[in-house]
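Since the structure comes first, as structure tokens, the remarks are kept for the end.
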Amino acid sequence: MSRRTLFRCCLAAAFMVATGLTALLGSEAVWAHQRREFRRFPQAVTVHFVSIAGKPRTPPSMLRLFGEKGVSRITFKVPRGEPISAMIEQHMVRAKSLYPEAAVDVSSASDWSGQSFAN
């Protein structure tokens, strides 16, 4: 194998590795952006993102590289006595997919106690 052929193979391999890393980091950046947008989105229901001091959670994968913090629990508050609507269920499914490290639950508005942090 000549030096020129070897150089071409190494260069092609380097480009493939760079493309793979870019795709991986890009997907993680999109996931971090979606998590932040979910927290900022003006939802029709009250949502509390809780970080419990005694039980720190780390965000999955490489999200820490993008400044994401782990969330222990996500609680959707609904008025007492009202059933869980399809919209709340959709938000819960989205919360579970964006925050796999968190416990996602629903509680009535009058019996929720906890510490929420600002978006």
Side-chain angles (χ1 to χ4, degrees):
M1 200 183 244
S2 70
R3 292 180 79 171
R4 187 175 197 156
T5 305
L6 184 63
F7 177 74
R8 285 183 183 171
C9 290
C10 290
L11 187 61
F15 282 136
M16 287 192 303
V17 168
T19 301
L21 285 175
T22 302
L24 179 65
L25 288 176
S27 66
E28 295 294 319
V30 167
W31 190 6
H33 176 72
Q34 289 173 342
R35 285 170 61 112
R36 290 180 190 135
E37 285 300 311
F38 185 80
R39 293 172 88 175
R40 279 192 284 244
F41 185 74
Q43 299 170 2
V45 294
T46 304
V47 181
H48 291 276
F49 294 83
V50 180
S51 180
I52 300 172
K55 300 178 184 178
R57 297 282 180 125
T58 57
S61 194
M62 293 186 285
L63 291 176
R64 287 175 290 207
L65 295 174
F66 298 101
E68 282 295 303
K69 296 178 182 171
V71 175
S72 300
R73 164 172 265 121
I74 299 173
T75 303
F76 289 83
K77 289 174 57 175
V78 297
R80 184 176 285 266
E82 284 192 21
I84 299 172
S85 68
M87 181 181 63
I88 293 175
E89 287 180 3
Q90 287 176 347
H91 285 305
M92 288 179 67
V93 168
R94 181 143 171 83
K96 286 178 186 177
S97 69
L98 291 175
Y99 295 91
E101 77 274 16
V104 179
D105 61 359
V106 176
S107 72
S108 61
S110 61
D111 66 7
W112 189 84
S113 62
Q115 176 187 0
S116 63
F117 55 88
N119 294 336

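Note: hydrogens, waters and symmetry copies are ignored here, and every other heavy atom, side chains too, is used.
Residues S2 and T5 bring a donor and an acceptor atom of their side chains to less than 3.5 Å of each other.
Inter-residue side-chain proximity for K69 and P59 is flagged as unmet; no heavy-atom pair is nearer than 4.5 Å. Two residues are said to be in side-chain contact when any heavy atoms from C-beta on lie closer than 4.5 Å; I74 and Y99 meet this criterion. Using a 4.5 Å heavy-atom threshold, the side chains of F38 and H91 count as touching. Within the 4.5 Å cutoff, the side chain of T58 has no heavy atoms near those of the E101 side chain. Contact check for W31 versus S61: side-chain heavy atoms found under the 4.5 Å cut-off. Side-chain contact between R94 and Q34 is present, with heavy atoms from C-beta onward closer than 4.5 Å. Residues E68 and R36 are in side-chain contact: their nearest non-hydrogen atoms beyond the backbone lie under 4.5 Å apart. Taking 4.5 Å as the limit, some side-chain heavy atom of M62 sits within range of a side-chain heavy atom of L25.
Residue F7 is grouped with residue F15 when hydrophobic side chains (ILVMFWY) are merged at heavy-atom distances under 4.5 angstrom, including chains of intermediate members. Neither L24 nor L63 shares a network with the other; the hydrophobic side chains, linked directly or stepwise wherever heavy atoms of I, L, V, M, F, W or Y lie under 4.5 Å apart, form separate groups for each.
In this structure, CG in L98 is found 11.0 Å from CD in E37, a value given to the nearest 0.5 Å.
R57 places no side-chain N or O within donor-acceptor distance of the main-chain N or O of V71, the cut-off being under 3.5 Å.
Heavy atoms only, all atoms of each residue included: M92 and V106 are closest at SD-CG2, 3.1 Å.
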